[in-house]
Structures are given as structure tokens and as C-alpha cells.
Novice: 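Can you read through this structure? Questions will come right after.
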Amino acid sequence: MHMNFIKRANILQFILLLLVLSSCMKEKKIELKDAELPKDALPKMKPLVNETPKLTAEYLNETKDKIEAFYRKNWPNNSMNGGFLVAKNGQIIYEKYEGFANIRDKTPITSTTPIHIASVSKVLTATAILKLVNAKRIGLDDKVTVYLAAFPYPEATVRMLLSHRSGMRSYAYFTDRDKNVWDRHNTLTNQDILTIMGTKNIGLEQKTGTRFAYCNTNYAMLALIIEKVTQLSYREALSQMIFKPLGMTNTFVLDFDKDKKKVAPSYKGNRVEIGIDYLDKVYGDKNIYSTPRDLLKFDRARYSPSFLEPALLKQVYVGYSNEHPGRKNYGLGIRMINWETGKSFYFHNGWWHGFTSSYITLKDENVTIIALSNKFTKTTYAVRKLAPLFGDYPFKVEDE
């Protein structure tokens, strides 16, 4: 009887031990670092959860009033045609949606209306590339030719594409003049750009690696690298790595052939619709549709401890355009202003057709500011003037 009891106790202990071990294993499995993932698993963004401290009602009200005053001054009579959001610690302090996604059928813009974010798309393309670097699937200083065999500029690296130092020419310029290079009756694709550069003797704008020159072609090539490495379309890769894991339910890469008639069009300042053209299929540099709330989720996830290894993260926020001393600079998929005081401001703007966008992330203060519009206005970029509400940012009104 006594032996049986001991046996049974041992078996129970053993089962308990197994349970504890298996739950530890499960936890361990969840905690795999990007570089430890099996080769067939994609590195994915993780939401930043439980941000603290919670904002007090007093702080919320006071700050909200100041932002409201700014909003009324910049968009009098609710003239903004888009969405605008300001948050701290992931908590929304102020948001506003005005105007029409489609002026013809009077579809209003709401918090769930996807708007073309233009070059703010570059921040998301860079994020996917950096996650693949973090997972050791891409080397930041690998030559582009490692991934794109047809790429004709042997010295350019992945890092140079991210920081606009490849010296390439803009695809909009070398495809719009000469019929022998490209017939504008045909819609251009990312693959077409690569083929043209490889076969039509498209020279460089300047020698690779010698200076910063902002150029959309860099990001069109990064999108092709994402496709090559993940073996997925850019649209699907971003969905699996960023949009789905972060619950960005109103964010997508335009499926040009399927959805070009369904998405919100853009307008000139006088409300005349701007049609699509032969460049509207190219992605990586543009062509993501999103909302301020989804971009807030994305912004906060870039502060999650699992986003990037510290040594890699540090390289993202360093300026790479130092040949001209000055305040303005560009990191790995992010613009910045570095003041003599040591304070830095990180952001990315966008403009495509009538779409304008502004994404601002105040790192020291955990503040996110986002403005998206589909009726052309430069006022979208004025939201940077809100930064001094939160920290020591020496923005003058005339700093536009």
C-alpha cells in the first residue's frame, strides 16, 4: 500500500514536471528571436502592449484643447479632407476625420477609410527589410546583385537603397520621355524598372555611395528584394509580416488591376479628381493605403522590444547624408532633423497625385502624430508644429 502511494506520488510529480516543462517549452517557442526562426517562418512585427503611464484626464483635456486650436487655425471651417491623429504612449489624445473619400458619391472619410499614404509607405518597406535583416535573411551591406541578378549597378548595397545613396535615377524621369525606353500607354511595374535599367543603358545620376539623393527607385528595388527573399508578393509579405500581426485591418498594398476603381481617388485643391497614370502600379516607394489608427499601431510596434536587435535599431536612426553639414538627414527609411542642442526629430512625409501624408514619431516623448489627406494641400506637413507641445523642439512657424 505504502509503495503504491509512493509510486503514485512519483507519477504525479513526474506528470506535473512534464506539464511545467511543456508549458515552459511553449513559452520558449513563442519567444524565439527573429534570427532563431526556422527558415520557412517569416519574422513578424509584434504589437507594443501595456504602455505606461496612462495619461491623466487633466493632461488629456489640456493637450486636446491646444491641438483643437491648432486644427481650427490650419484647417478653418473643417476644410481638411482626410484624417488626423495625435497620441502619446499609444493613447489617442485627439483625432479628426473630415471631408469625402469620394467627392462624387459623397462617401465620408471616417476612422476606417484607407487613404494612399504616398512616401510614408517607405517607412513600412524599410521595416519589412529591417525585420529580414534582423532574421539574418538579408545582409545590410550585401550588394543588391546578391538578390537581383539583373541589377546593373554592382556597387550598390541594401543599406544604400534604404538611405538613398545608390546614385540611381528616378524611374519617373527615365520612363516618361523616350518611347524607345518605355511606352507610357503601358502601366509600369517594379520588374519593368529593373529590366529597363539592366537593358536600356540607364546611367547613374551620381557615383554610387558618394552622396544622398532622395529617389523612389531605391524603394521600388527594395520591394523586389522583399519578394525575392520571402518568395511572396510584396503585398502578401507586408500583410503577413506587418499588417495582420498588428491588427492593421484597414491597411493594404494596392492590387492595381483588381482595386484601382474601388479605392479613394485623390483631388486637386479645387476638388477636381486626379486620374491614375502609368506609374500607379509601382510599389515599395508608395501604394500602401492606411488609416491614422492603423499607422499608430505600426508606429508603436516599432518601439516593441522585439522589433530589432539593439545594434541594428541604432543604425536606423543615424543620419547617412553627412556630406552636406546641416540639420536635415535621412536614416534607414526615416527622415530626421538633428539640432545643435542634441535633440532629434524623426518623421516621413509623402506626396503622390493629390495625396499628402505626414508621419511623425517623437521618440523621447512616445508621441505619434499622423495626418493623411486625399485633396492636395501642404497643410498636412504643418502638423510638425505640434511637436513643441510635447518636448523641446525648436520649430518656428516659418520652418516649413
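We number each residue from 1, following the sequence as shown.
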Novice: For Pro53, does its backbone N or O pair with a side-chain atom of Asn89 as donor and acceptor, under 3.5 Å?
Specialist: yes
Novice: Starting from the C-alpha separation in whole Å, work towards a yes-or-no answer on ring-ring contact (aromatic ring centres under 6.0 Å, His included) for Tyr97 and Phe84.
Specialist: CA-CA 7 Å; Tyr97 301 92; Phe84 167 57; 9.3 Å; no
Novice: Quick one: list whatever passes side chain to side chain donor-acceptor pair (under 3.5 Å) with Ser266, sequence neighbours left out.
Specialist: none
Novice: In terms of the angle between their ring planes, are Tyr153 and Phe151 parallel, tilted or perpendicular, with boundaries placed at 30° and 60°?
Specialist: perpendicular
Novice: Backbone N or O of Val120 within a donor-acceptor pair of the Asn349 side chain at under 3.5 Å?
Specialist: no
Novice: So that I can tick it off, tell me whether Glu273 and Arg104 are bridged by a salt bridge, with the cut-off set at under 4.0 angstrom between side-chain N and carboxylate O.
Specialist: yes
Novice: In terms of side-chain heavy atoms, does Arg159 have a donor or acceptor partner in Tyr320 at a distance below 3.5 Å?
Specialist: yes
Novice: Tell me if the CG atom of Asn201 is crowded by more than 12 foreign heavy atoms within 6.0 Å.
Specialist: no
Novice: Does a side chain donor of either Asn216 or Lys122 reach within less than 3.5 Å of an acceptor in the other side chain?
Specialist: yes
Novice: How about Asn270: does its CG atom have over 12 heavy atoms from other parts shown lying under 6.0 Å from it?
Specialist: yes
Novice: Stepwise, does the side-chain contact (heavy atoms from CB on, under 4.5 Å) test hold for His116 with Trp352?
Specialist: CA-CA 8 Å; His116 192 303; Trp352 183 248; 3.7 Å; yes
Novice: Does Leu372 share a hydrophobic cluster with Met80, counting links as ILVMFWY side-chain heavy atoms below 4.5 Å and allowing steps through other members?
Specialist: no
Novice: Could you tell me whether Trp339 and Phe395 have their ring centroids closer than 6.0 angstrom?
Specialist: yes
Novice: Would you call Leu132 and Thr230 a side-chain contact if the rule is heavy atoms closer than 4.5 Å?
Specialist: yes
Novice: Hey, can you tell me if Phe212 and His164 have their rings parallel, tilted or perpendicular (30° and 60° cut-offs)?
Specialist: perpendicular
Novice: A side-chain contact here means heavy atoms from C-beta on lying under 4.5 Å apart; do Ile129 and Ile225 qualify?
Specialist: yes
Novice: Answer yes or no: is there a donor N or O on one side and an acceptor on the other, between the side chain of Ser239 and the main chain of Arg235, under 3.5 Å?
Specialist: no
Novice: Trp351, Tyr330: one ILVMFWY side-chain cluster at the under-4.5 Å cut-off?
Specialist: no
Novice: Distance alone, cut at 3.5 Å: any donor-acceptor contact between the side chains of Thr291 and Asn250?
Specialist: no
Novice: Do Asn338 and Ser344 have side-chain atoms, one donor and one acceptor, less than 3.5 Å apart?
Specialist: yes
Novice: Kindly say whether Cys215 contributes a backbone atom to a donor-acceptor pair with the side chain of Asn218 at under 3.5 angstrom?
Specialist: yes
Novice: Going by side chain to side chain contact (heavy atoms under 4.5 Å, CB included), Thr175 matches just one of Ile202, Val282, Ile196, Ile193. Which one?
Specialist: Ile196
Novice: Would you mind checking if Lys260 and Asp255 are paired as a salt bridge, meaning a charged N to carboxylate O distance below 4.0 Å?
Specialist: no
Novice: Please say whether the positively charged group of Lys363, taken as NZ for Lys or CZ for Arg, lies over the ring of Tyr317, i.e. under 6.0 angstrom from the six-membered ring centre and within 45 degrees of the axis.
Specialist: yes
Novice: Any ion pair linking Lys207 and Glu155 (charged N to carboxylate O, less than 4.0 Å)?
Specialist: no
Novice: Would you check if the side chain of Glu95 reaches a backbone N or O of Gly83 as a donor-acceptor pair within less than 3.5 Å?
Specialist: no
Novice: Got a sec: does the NZ of Lys136 have more than 12 other heavy atoms crowding it under 6.0 Å?
Specialist: no
Novice: Given 3.5 Å as the limit, does a donor-acceptor pair link the side chain of Gln91 with the main chain of Ala87, or not?
Specialist: no
Novice: Surrounding NZ of Lys64 (heavy atoms of other residues, nucleotides or ligands, distance under 6.0 Å), is the total greater than 12?
Specialist: no
Novice: Checking Thr368 against Asp299: is there a side-chain donor and acceptor pair closer than 3.5 Å?
Specialist: yes
Novice: Keeping the roles fixed (side chain from Thr217, backbone from Tyr171), state whether a donor-acceptor pair exists under 3.5 Å.
Specialist: yes
Novice: Which other residues belong to the hydrophobic cluster containing Tyr267, where Ile, Leu, Val, Met, Phe, Trp and Tyr are joined when side-chain heavy atoms lie under 4.5 Å apart, directly or via other members?
Specialist: Phe100, Ile103
Novice: Please assess Ile242 against Met248 for the test side-chain contact (heavy atoms from CB on, under 4.5 Å), listing each intermediate value before the final yes or no.
Specialist: CA-CA 8 Å; Ile242 302 175; Met248 296 169 69; 4.0 Å; yes
Novice: Compute the centroid of each ring, for Tyr359 and then for Phe347, and state whether the two points are separated by less than 6.0 Å.
Specialist: no
Novice: Below 4.5 Å, heavy atoms only, C-beta onward: do Tyr346 and Arg335 meet side chain to side chain?
Specialist: no
Novice: Closer than 3.5 angstrom, by distance alone: can the side chain of Arg165 be matched with the main-chain N or O of Gly209 as a donor-acceptor pair?
Specialist: yes
Novice: Without hydrogens or angle criteria, can the side chains of Asp192 and Thr195 be said to hold a donor-acceptor pair below 3.5 Å?
Specialist: no
Novice: Show, in sequence, the C-alpha distance, side-chain angles and deciding distance for Lys88 and Ile93, and conclude whether the side-chain contact (heavy atoms from CB on, under 4.5 Å) test is met.
Specialist: CA-CA 7 Å; Lys88 183 172 166 72; Ile93 300 171; 3.9 Å; yes
Novice: Residues two or more places apart in sequence or in another chain: which of them pass side chain to side chain donor-acceptor pair (under 3.5 Å) with Arg300?
Specialist: Glu51, Asn366
Novice: What residues form a ring-ring contact (aromatic ring centres under 6.0 Å, His included) with Phe298, not counting sequence neighbours?
Specialist: none
Novice: Ignoring hydrogens and geometry beyond distance, is a side-chain donor-acceptor pair present between Ser373 and Asn81 at under 3.5 Å?
Specialist: no
Novice: Before giving the answer on side chain to side chain donor-acceptor pair (under 3.5 Å), spell out for Thr379 and Asn74 the whole-Å C-alpha distance, their side-chain angles and the decisive distance to 0.1 Å.
Specialist: CA-CA 7 Å; Thr379 312; Asn74 278 279; 5.5 Å; no
Novice: If you count heavy atoms of other groups shown closer than 6.0 angstrom to NZ of Lys179, is the number above 12?
Specialist: no
Novice: Would you say the side chains of Asn77 and Ser79 form a donor-acceptor pair under 3.5 Å?
Specialist: no
Novice: State whether a side-chain donor-acceptor pair under 3.5 Å links Tyr214 with Ser119.
Specialist: yes
Novice: Hey, is the main chain of Gly319 close enough, under 3.5 Å, to the side chain of Asn322 for a donor-acceptor pair?
Specialist: yes
Novice: Minimum heavy-atom separation for Ser357 to Tyr381, with atom names?
Specialist: O-CE2, 3.4 Å
Novice: Are a donor atom and an acceptor atom from the side chains of Tyr393 and Glu365 found within less than 3.5 Å of each other?
Specialist: yes
Novice: Check the pair Phe70, Leu389 against side-chain contact (heavy atoms from CB on, under 4.5 Å), reporting the backbone distance first and the verdict last.
Specialist: CA-CA 11 Å; Phe70 169 88; Leu389 280 185; over 6 Å; no
Novice: Any side-chain donor-acceptor pair under 3.5 Å between Ser121 and Tyr219?
Specialist: no
Novice: Can you check whether Asp280's main-chain N or O pairs, donor with acceptor, with Asn287's side chain at less than 3.5 Å?
Specialist: yes
Novice: Sort and list the pairs that fulfil side-chain hydrogen bond (donor to acceptor under 3.5 Å, both in side chains) and have at least one residue in residues 125-134, not counting sequence neighbours.
Specialist: Asp34-Lys131, Asp34-Asn134, Thr125-Tyr234, Thr127-Arg302
Novice: So, using salt bridge (charged side-chain N to carboxylate O under 4.0 Å, His left out) as the criterion, who are the partners of Arg72 when residues are at least two apart?
Specialist: Glu68
Novice: Does this structure show an ion pair linking Asp392 with Lys343, if we count only N-O contacts that are shorter than 4.0 Å?
Specialist: no
Novice: Looking at Lys106, I'd like to know if its NZ atom is crowded, meaning that more than 12 non-hydrogen atoms belonging to other residues, nucleotides or ligands lie closer than 6.0 Å.
Specialist: yes
Novice: What orientation do Phe355 and Tyr289 show, parallel under 30°, tilted 30 to 60°, or perpendicular over 60°?
Specialist: perpendicular
